[in-house]
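Below is one structure, written out as structure tokens; comments come after it.
Here is the naming used below: chain letters follow the sequence lines, and residue numbers restart at 1 for every chain.
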Amino acid sequence: MAFLSVDQQWELISRGAEEILPEEELRQKLEKSRKSETPLNVKLGCDPSCPDLHVGHGVVLRKLRHFQDLGHQAILVIGDFTAMIGDPSGRNKTRPQLTLEETKANAKSYIAQAGLILDIDTLKIVYNSDWLDAMNFSDVIRLSSHYTIARMLERDDFTKRYQSETPISIHEFMYPLAQGMDSVELKADVELGGTDQKFNLLVGRNLQREYDQDPQVIITLPLLEGTDGNEKMSKSYGNDIGLTDKPEDMYGKSMSISDEMIEKYFILAIDADADTVSKVKKQLQDSSVNPRDVKRALGRAIVKLYHGEEASLAAEQHFDQVIVNKDAPEEMDEIILDSDTLIIDIITENELTKSKGEARRLVKQGAVRIDNEKISDMNFVLNPGKEVIVKVGKRKFLRVK
RNA sequence: GGGGAGAUGGCCGAGCGGUUAAAGGCAGCAGACUGUAAAUCUGCCGACGAAUGUCUACGGAGGUUCGAAUCCUUCUCUCCCCA
């Protein structure tokens, strides 16, 4: 296929990107690829230690998709090797040791979800255990001789941990090297990653040079904060919008982001073009529009991206009904009661609360309603036979028959 | 190899023989107010029980004591300094 001009490609590639290092080299690579009609190898590594992707992952996946749209070769590297090794010291909870089966299952789920964004047909998927597992100890020593401790310690989190006297195991130094080896193996022209990956991406660049390759250009993308507006989006912080979340949840979560995040979400979560972004920015600044309405548009856009237009409208309607008008939703889990049961047991057993203690606390605080009637009696008993709706907090419902 | 410091609830961090389910902060949850925003205020925040309460918990295992997060022994792990 014919490639667009470098400037045209540049517009899409640079959209939303934090840094492109070095810019000039990327221009040259694009120029060369255009002339020789050879697509660039664009690499994105992923960590299959967790099976669920969220909108934060979507940011960098969309960027990879941009390259696909421009006719380049997208390569998804499944980091199954590192996932299998995990963190042998067991200290790092985000890096548990996985079995081969778990890794495979996660990778499968990862690819399926990534397919919501990427063009799977032209995507090249590789597993880094293919080459990393084949290295022996001498290979590893040879590889590590290309890097020094001082350079390793330049990495932000190493510096911090070193200064705060928290342990750093030697093997942790191997991860950036392993990731760099991937770039060498794949002869990557470009590697994408979040800003927190900058160091690792640069190691790949340096290693390629050591192995006499044309070093990759790195493109970093801003990290998207989660719905709390604070921490980066992550399932473990509970602030994520999952790609496979139900439309209503997706919409609801989108509505709970803070005003300051709206513009960023427009840029990173839904890839809005420059015109839309500047319009949003203006609306937020001159308060001609209630920020809530800007957010509603955002919520619809996010749901539409993953579930289609129809679902996005339904999700908004659901939101209006349940949250704005405080009505019960049409669909909710339901149970059939066969004997008199304490309300506390009902909500605990159906996972509306985590423990009976919590259930009691909520009753005490007036957060539990039956058919919209606040109950305050801890010993309230529900009798079978009559259909009622139990509501806990603002958004947990259960139909009891 | 030698010397020193340390390991407390989701996280940070006080406690250093009984009044400690363990100060304080952060995070979390609920209520009020709202735009399921932010900010603010109030309450809760190990489990089980209606409750006096019972059980589990201060890195692991033993021990001293009427009583231990606190003292002793030992193991595991971490950090610092010297070599």
What distance, rounded to whole Å, do you find between the two [atom1] atoms, one in [N] and one in [M]?
{"N": "G60(B)", "M": "U76(B)", "atom1": "P", "result": "15 Å"}
{"N": "U8(B)", "M": "U42(B)", "atom1": "C1'", "result": "30 Å"}
{"N": "U19(B)", "M": "G28(B)", "atom1": "P", "result": "32 Å"}
{"N": "U56(B)", "M": "G49(B)", "atom1": "C1'", "result": "15 Å"}
{"N": "U36(B)", "M": "C26(B)", "atom1": "P", "result": "26 Å"}
{"N": "C48(B)", "M": "G10(B)", "atom1": "P", "result": "16 Å"}
{"N": "U20(B)", "M": "A68(B)", "atom1": "P", "result": "16 Å"}
{"N": "A23(B)", "M": "C33(B)", "atom1": "P", "result": "32 Å"}

inquiry  = Over all strands shown, is I257(A) touching base, sugar-phosphate only, or nothing at heavy-atom distances under 4.0 angstrom?
reply    = sugar-phosphate
Let me know the distance between [atom1] of [X] and [atom2] of [N], rounded to the nearest Å.
{"X": "K394(A)", "N": "U34(B)", "atom1": "NZ", "atom2": "C1'", "value": "9 Å"}
{"X": "F319(A)", "N": "U34(B)", "atom1": "CZ", "atom2": "C1'", "value": "12 Å"}
{"X": "D293(A)", "N": "U34(B)", "atom1": "CG", "atom2": "C1'", "value": "14 Å"}
{"X": "L284(A)", "N": "A38(B)", "atom1": "CG", "atom2": "P", "value": "16 Å"}
{"X": "N290(A)", "N": "U36(B)", "atom1": "CG", "atom2": "P", "value": "10 Å"}
{"X": "K253(A)", "N": "A37(B)", "atom1": "NZ", "atom2": "P", "value": "16 Å"}
{"X": "R292(A)", "N": "U36(B)", "atom1": "CZ", "atom2": "P", "value": "7 Å"}
{"X": "E225(A)", "N": "A37(B)", "atom1": "CD", "atom2": "P", "value": "19 Å"}

Testing A37(B), U34(B), A30(B) for proximity to the side chain of L362(A), the answer is A30(B)
Quiz prompt | Aromatic plane relationship, F3(A) with H72(A) - under 30° parallel, 30 to 60° tilted, over 60° perpendicular | solution = parallel
Per nearest nucleotide of RNA chain B, the residue lying toward the 5' end, R369(A) or D228(A), is D228(A)
Of V392(A) and D259(A), the one whose closest nucleotide on RNA chain B sits nearer the 5' end is V392(A)
B/S/- along nucleotides 40-52 of chain B (protein heavy atoms under 4.0 Å) is ---BB--SSBS--
Pairing of [X] and [Y] as salt bridge, 4.0 angstrom limit:
{"X": "R205(A)", "Y": "E25(A)", "result": "yes"}
{"X": "D327(A)", "Y": "K391(A)", "result": "no"}
{"X": "D214(A)", "Y": "K29(A)", "result": "yes"}
{"X": "E225(A)", "Y": "K264(A)", "result": "yes"}
{"X": "R296(A)", "Y": "D320(A)", "result": "yes"}
{"X": "D275(A)", "Y": "K279(A)", "result": "no"}
{"X": "K356(A)", "Y": "D345(A)", "result": "yes"}

Is a side-chain donor-acceptor pair under 3.5 Å present for E316(A) with S312(A)? no
Could you go through K295(A) and Y265(A), starting from their C-alpha distance and side-chain angles, then the distance that decides it, and tell me whether this counts as side-chain contact (heavy atoms from CB on, under 4.5 Å)? CA-CA 10 Å; K295(A) 220 152 67 169; Y265(A) 267 66; over 6 Å; no
Given Watson-Crick and G-U pairs under 3.5 Å, RNA chain B in dot-bracket ([ ] crossing, | other strand) is ((((((((.[[[..)..(.....]]].(((((.......))))).(((....)))...[[[[[..)....]]]]]))))))).
